[in-house]
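A quick note: this is a predicted structure, and the numbers were derived from the prediction, not measured. Protein chains get the first letters and strands the later ones, always in sequence-line order, with residue 1 at the start of each.
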Amino acid sequence: MEHSSEVKTMGTELGKYKTCVSARSTNKEILKKSQDGGIVTQLFAYALEEGIIDGAIVAGQSDEPYRPRPFIATTVEELMTSRGTRYNISPNVSWIKEATRSFGLDKIGIVGTPCQMQAVRKGQLYPVGLRDVPDKIALAVGIFCMENFPYQSIKQLVEDHAGVKMESVKKMDIGKGKFWVYTERGAVVQLPLKVTHKYEQPGCHVCLDYVANLSDVSTGSVGSPDGWSTVFVRTKKGDDIWGKAIAAGCFETKPIEQVKPGLELVSKLANEKITKNQKTVEERATFGVNKALRNPYISPK
Amino acid sequence: MSKIVEISPTTRHEGHSKLVLKVDDAGIIERGDWLSITPVRGVEKLAINKTMDQVPKIASRVCGICPIAHTLAGIESMEGSIRCEIPQDAKLLRIVLQCANRLHSIALHNILILPDFYIPGTDTKVNPFTPEEPVRSVAKRIQRLREIGQTIGEIAGGECIHPSNPRVGGMYKACTPRAVNKMYDLAKEGLTLAHEQMEFMLAVINNMRKRDWVEVGGKQIPLPKTLGFHNQGVMAAHPVYASSNLDENPGWDPKRWTDVRPWDWYMGEGEVSLADPSYPIGGTSPVGTKVNPQMEACTGVPLYDGAPVEVGPRARLVTFKNFDEKGTWGQHIARQLEYTDSLYAMIKALDEYNPSGKVLADNIPQGDGSLGWAANEAPRGCDVHLAKVKDGRVLWYEMLVPTTWNFPTCSRALAGAPWQVAEMVVRGYDPCVSCATHMIVVDEDKKIVAQKLIQ
Amino acid sequence: MADKIKAGHVHMSGCTGCEVAIADNYGGLLTLLDKYVDWVYDLTLADVRHIPKMDVALVEGSVCIQDKLSVQEIKETREKSAVVVALGGCACYGNITRFGRGGQPNQPQHESYLPIGDLIKVDVYIPGCAPTPQMIRNVCVAAYLLLKGTKEQQELAKKFLTPLMQLADRSTSACGCDLMYDVINQGLCMGCGSCAAACPVRAITHEYGKPNVNREMCIKCGACYAQCPRSFFNFDVITEFEAILELFDGALK
Ligand SMILES: Cc1cc2nc3c(=O)[nH]c(=O)nc-3n(C[C@H](O)[C@H](O)[C@H](O)COP(=O)(O)OP(=O)(O)OC[C@H]3O[C@@H](n4cnc5c(N)ncnc54)[C@H](O)[C@@H]3O)c2cc1C
Ligand code: SF4
Ligand code: SF4
Ligand code: SF4
Ligand SMILES: [Fe+2]
């Protein structure tokens, strides 16, 4: 497969990228429990086996259902246990230094939301407290994100609004304008997104990135058919690894132009998010009476 | 008539110190005072009523060159007080960390002293930062050795400057098999380089001790064969690691330690009467400068068996390995011998380490105020911390750091040398002055307080 | 490349850990000295006793205001340096010296330690305890480009240094509480975990995604706040991370 080194941008809302495709893993095992096309798990599994990374920071399991806990996977089996989206916070970056310490990693993989990708890149350029970490980020995989939630929000959405016990949830998903809860017994509950809004994490309302512009490779469901994922390949590193993974037969791909709903929807949602949040950022400047709330994009003051 | 020369500040070591030297007509030192002029940050006093977990983290920040020693001695003095035995695998990680720090510290000291030495067979002194060979290859090797030490320290200790992994009760995190392998491979690489570097340094040192003179500020200054000799004893608690009050046969004894204030030890008021503007770099202090070591000294004077002692690599080798070289050259040689020793000890600890073993004690008592102490063999000598912990809080804390022990000993060792080489004697101790800003007021019977200083 | 800049290390009441961090650029330190920087002052690594004129002074440690020499030296540093960088937690925020309260022999009157910014104007902050070799390298290379680079390089260097200048302007105190005051209380935290990763004493844990600071562990180094992407995030620089990282890495190869 040909990789162009030229960088395309479809307006800045999608960030810089070299290629964009619709894809899914060719490994049926992965797809059984992946959120969408199993891109994240497959890419890390390939990179682990090839020695491109020697471990990946993912959202692992905890002692409460659907509450993630950052976890360093160093085998494919461990990666498999972290498949699927948990719609609440997994502070994956908190392990980025420890990974290079007691875990002894030299080549770290990390998955995260757009803001977490921002944290990784800030950490590489301004490693204030991240000694010897910057050159050890081997593969940063971003996942699209409209917003995240506190754990309690998800619990209330699932248990109060959807009327499902957390323990019996098989999968949660946000798509097609709805919040979906699938149960082990096959029931499906959908909630309109207007119900979920109040539960969102406040910090998400100043977030100006939908498709993880600063990752090496970013992925999400939007733009592609069910079971498939939209993938942006962004950096030299990302391009190199993605190219090799394709050559190794890890993924089936389709040109993004040929799938429905395609890139236009991605672009539309990205613009919606950025416009809405840009407005929030601006409103913060006059939030009080001659008193502003902080704007991190201007100054740390 | 003797004259007074002052070199202030001294260079190429950690911290702020100065030399006040009484010299005879031939410029030979009759009496030397080497003293710290680093402000006293008062860690022992600020520790009072803070938690036993936080105090060692603060104590680490006393010095960025021997932070490992301070962290470990601090923690182990707390563990000594609360009587907490830590798991074996935690102890092994601490030993790895200790050795890693020693490796980097010896290499750093090489950079600091090399400008005093000649490239063998030439009259050219070594500038460690010159891009010219053969020096550049040596500098690169030194930096690689430091990188190996610091990287291993980072893995075992969380950070290599101010380690984050050690804690009261053991360690926060065990190292994975991958981390252990990485440290092992680095140690093996280090061993080869350390052998080469040790041989190089020994050649440079032996070349120096054969010389009759050394050039200082454009003049040829005679080099005495007995440079840095003194008649004081040595003190070392352990060949590599540490001893504490929890040991069956402790390597240090608080009963043998007393303390005097600088008032009784250092020279009183005086005035510089000899100045040499050609002394590198920028000359000595001008004639007429007032000096007053008694008042200016920022450290106390600890004694072991009633006398000052030398601590450091030479003290360790004399105590545990029948080493018999003396003076400045003896110190330098001993330090180079510890290059490979530290790596062998590290490799042994890594071999014994079990990655699935536990690293935190099941039960961490909160303390009843009993005295605990730990004497850690820091790169530059024995670093003793003493603590009393009650209900998890520090009631009392003291740090007897290596350079504090060495200040008075080194001051004595200056006598008999031309004043122009006094800084070379100082550097033989690899001093760490920030550490040493401290004095002790402990001895229940003697109650020595430096009241005269508050005026 | 054009001529080198003159830089040095000024040691106030610090522990020399910041200086070790400079040296921990390992082979890169040699390249830095070969190509970019004349190291004109440094009591530990070099043989200079008195503060000369410098383009960039990296100051480690806070200032004991009861010690005349220290006060005199920090003022002299300001007079003689074009750019003053506060290197490390003590110089920026006081760090552990914020706990100092005197009373210790042999100088019991040494009671008050101030971050250098309380006595002189500081241009750039590099927080952290210890600061990291990579951060020091990046700032040194940026300072070099600012003073000696082409027009575009100067632009880039300025953009890179701006948030660190703003940090210097922001405050002379910081601790884990800043995450509460200026991130969570301001509705900005998104739970990335950078703060916990940055903390050198493991004072920060994440409880349901948000930081909890153990205030009886925190040493007041300010690393967490500076590392947080919601303290500052300059899109124009960070978006170009690939090229800029290549530049920084390449500079010391
Ligand atoms: C909060 C949130 C909001 C999202 N919003 C959108 C959206 O609006 N539009 C869209 O197209 N896609 C969104 N996604 C991404 C989507 O849900 C999938 O995660 C993504 O498509 C990857 O699926 P996959 O099959 O390739 O990955 P899998 O192979 O299933 O792997 C998923 C990976 O994501 C990690 N992960 C799971 N939860 C979290 C978490 N909370 N934080 C960090 N990492 C996590 C897992 O550890 C795992 O490694 C969102 C994801 C999250 C976490
Ligand atoms: S919306 Fe933005 S801030 Fe919130 S979790 Fe997603 S990427 Fe992070
Ligand atoms: S670093 Fe991340 S988790 Fe910590 S306060 Fe900032 S946004 Fe929140
Ligand atoms: S919480 Fe940690 S990183 Fe933050 S200021 Fe305190 S010690 Fe520094
Ligand atoms: Fe020290």
Side-chain angles (χ1 to χ4, degrees), chain A residues 12 15-16 67-70 88-99 112-113 115-135 148 150-152 201-208 213-214 234-237 284 293-301, chain C residues 21 24 126-135 138 160 163-164 166-167 169-171 182-184 186-200 204-206 208-211 221-235 237-239 241-242 244-245 248-249:
Chain A
T12 50
K16 291 188 208 168
R67 179 185 157 204
R69 184 180 57 93
N88 63 105
I89 306 151
S90 181
N92 286 358
V93 185
S94 64
W95 281 77
I96 206 159
K97 187 160 74 179
E98 197 57 44
T113 49
C115 54
Q116 296 181 330
M117 293 296 110
Q118 293 180 344
V120 170
R121 299 317 182 188
K122 178 176 173 180
Q124 285 180 287
L125 279 175
Y126 297 97
V128 180
L130 299 175
R131 180 181 168 133
D132 296 344
V133 174
D135 64 347
N148 205 341
Y151 184 65
Q152 187 62 28
Q201 165 172 247
C204 295
H205 297 151
V206 299
C207 175
L208 303 175
N213 297 353
L214 301 189
R234 299 184 177 279
T235 61
K236 275 188 225 155
K237 250 183 206 160
R284 289 170 63 92
L293 295 178
R294 271 193 60 235
N295 182 340
Y297 306 124
I298 294 178
S299 151
K301 218 170 171 172
Chain C
D24 284 358
I126 305 182
C129 181
T132 66
Q134 291 80 19
M135 202 49 202
N138 296 358
F160 175 81
L164 304 177
Q166 292 171 327
L167 275 179
D169 191 37
R170 173 180 174 263
S171 178
D182 275 7
V183 189
I184 298 184
Q186 285 278 334
L188 292 170
C189 175
M190 44 56 183
C192 61
S194 299
C195 47
C199 180
I204 304 175
T205 51
H206 272 70
Y208 291 94
K210 305 282 159 154
C221 72
C224 50
Y225 184 70
Q227 194 68 68
C228 170
R230 295 286 167 87
S231 66
F232 71 83
F233 194 87
N234 45 347
F235 274 105
V237 173
I238 299 179
T239 308
F241 69 93
E242 243 188 317
I244 301 177
L245 278 173
F248 286 152
D249 283 341

Closest non-hydrogen contact found for A:Gln116 with C:Gly191 is NE2-O, 3.6 Å
Would you mind telling me which of C:Cys189, C:Gly128, C:Cys199, C:Pro200 has the largest number of heavy-atom pairs within less than 4.5 Å of chain A?
-> C:Cys189
Are A:Asp132 and C:Gln134 side-chain neighbours, meaning at least one heavy-atom pair lies under 4.5 Å?
-> yes
Does A:Ile298 offer a backbone N or O that forms a donor-acceptor pair with the side chain of C:Gln166 under 3.5 Å?
-> yes
What residue, out of C:Thr239, C:Ile244, C:Val183, has the most heavy-atom pairs lying under 4.5 Å from chain A?
-> C:Thr239
With a 4.5 Å cut-off on heavy-atom pairs, point out which of C:Ala196, C:Cys195, C:Cys228, C:Gly222 contacts chain A the most.
-> C:Cys228
Side-chain heavy-atom pair A:Gln201, C:Lys210 within 4.5 angstrom cut-off | yes
If you tally heavy-atom pairs under 4.5 Å between each of C:Ile204, C:Leu245, C:Ile184 and chain A, the highest tally belongs to C:Leu245
Can you spot which of A:Val93, A:Ile89, A:Thr113 makes a side-chain contact (heavy atoms from CB on, under 4.5 Å) with C:Cys192?
-> A:Val93
Under 4.5 Å between any side-chain heavy atoms of C:Tyr225 and A:Val128, yes or no?
-> no
Side-chain touch C:Phe248/A:Leu125, heavy atoms, less than 4.5 angstrom = yes
Between CG of C:Leu188 and CG of A:Asn295, what distance do you get to the nearest 0.5 Å?
-> 8.5 Å
Relative to chain A, which segment of C:Phe235 carries a heavy atom at a distance below 4.5 Å: side chain, backbone, both, or neither?
-> side chain
Heavy-atom distance under 4.5 Å to chain C: side chain of A:Arg67, backbone, both or neither?
-> side chain
Stepwise side chain to side chain contact (heavy atoms under 4.5 Å, CB included) check, A:Asn148 with C:Met190 = CA-CA 8 Å; A:Asn148 205 341; C:Met190 44 56 183; over 6 Å; no
Nearest heavy-atom pair of A:Gly123 and C:Gln227: which atoms, and what distance?
-> CA-NE2, 3.3 Å
Between CG on residue C:Asn234 and OG on residue A:Ser299, distance to nearest 0.5 Å = 10.5 Å
Given side chains that start at C-beta, do those of C:Gln186 and A:Arg284 come closer than 4.5 Å, heavy atoms only?
-> yes
Check: A:Glu98 side chain, C:Ala197 main-chain N or O, donor-acceptor pair, under 3.5 Å | no
Considering only heavy atoms from C-beta outward, does the side chain of A:Lys236 approach that of C:Glu242 to under 4.5 Å?
-> yes
Residue part contacting chain C, namely of A:Asn92, when any heavy atom lies under 4.5 Å | backbone
Give a yes or no on whether a salt bridge exists between A:Arg131 and C:Asp24, defined as a side-chain N under 4.0 angstrom from a carboxylate O.
-> yes
Nearest-0.5 Å distance, CZ of residue C:Phe232 to NZ of residue A:Lys301 | 15.5 Å
Sort out for me which of C:Ile126, C:Asp182, C:Thr205, C:Leu164 touches chain A most, counting heavy-atom pairs under 4.5 Å.
-> C:Asp182
Are the side chain of C:Thr132 and the backbone N or O of A:Pro127 linked by a donor-acceptor pair below 3.5 Å?
-> yes
Of all the heavy-atom pairs spanning C:Pro229 and A:Ala119, show the shortest one and how long it is.
-> CG-CB, 3.5 Å
Ring center gap for A:Tyr126 and C:Phe160 short of 6.0 angstrom | yes
From the list C:Ala223, C:Pro211, C:Ser194, the residue making the most non-hydrogen contacts under 4.5 Å with chain A is C:Ser194
Short question: side chain of C:Arg230, backbone of A:Gly203 - any donor-acceptor pair under 3.5 Å?
-> yes
Do C:Ser231 and A:Lys122 get their side chains close enough for a donor-acceptor pair, meaning under 3.5 Å?
-> yes
If you tally heavy-atom pairs under 4.5 Å between each of A:Gln124, A:Lys97, A:Gln118 and chain C, the highest tally belongs to A:Gln118
With only heavy atoms counted, which part of C:Asp169 is less than 4.5 Å from chain A, the side chain, the backbone, both or neither?
-> both
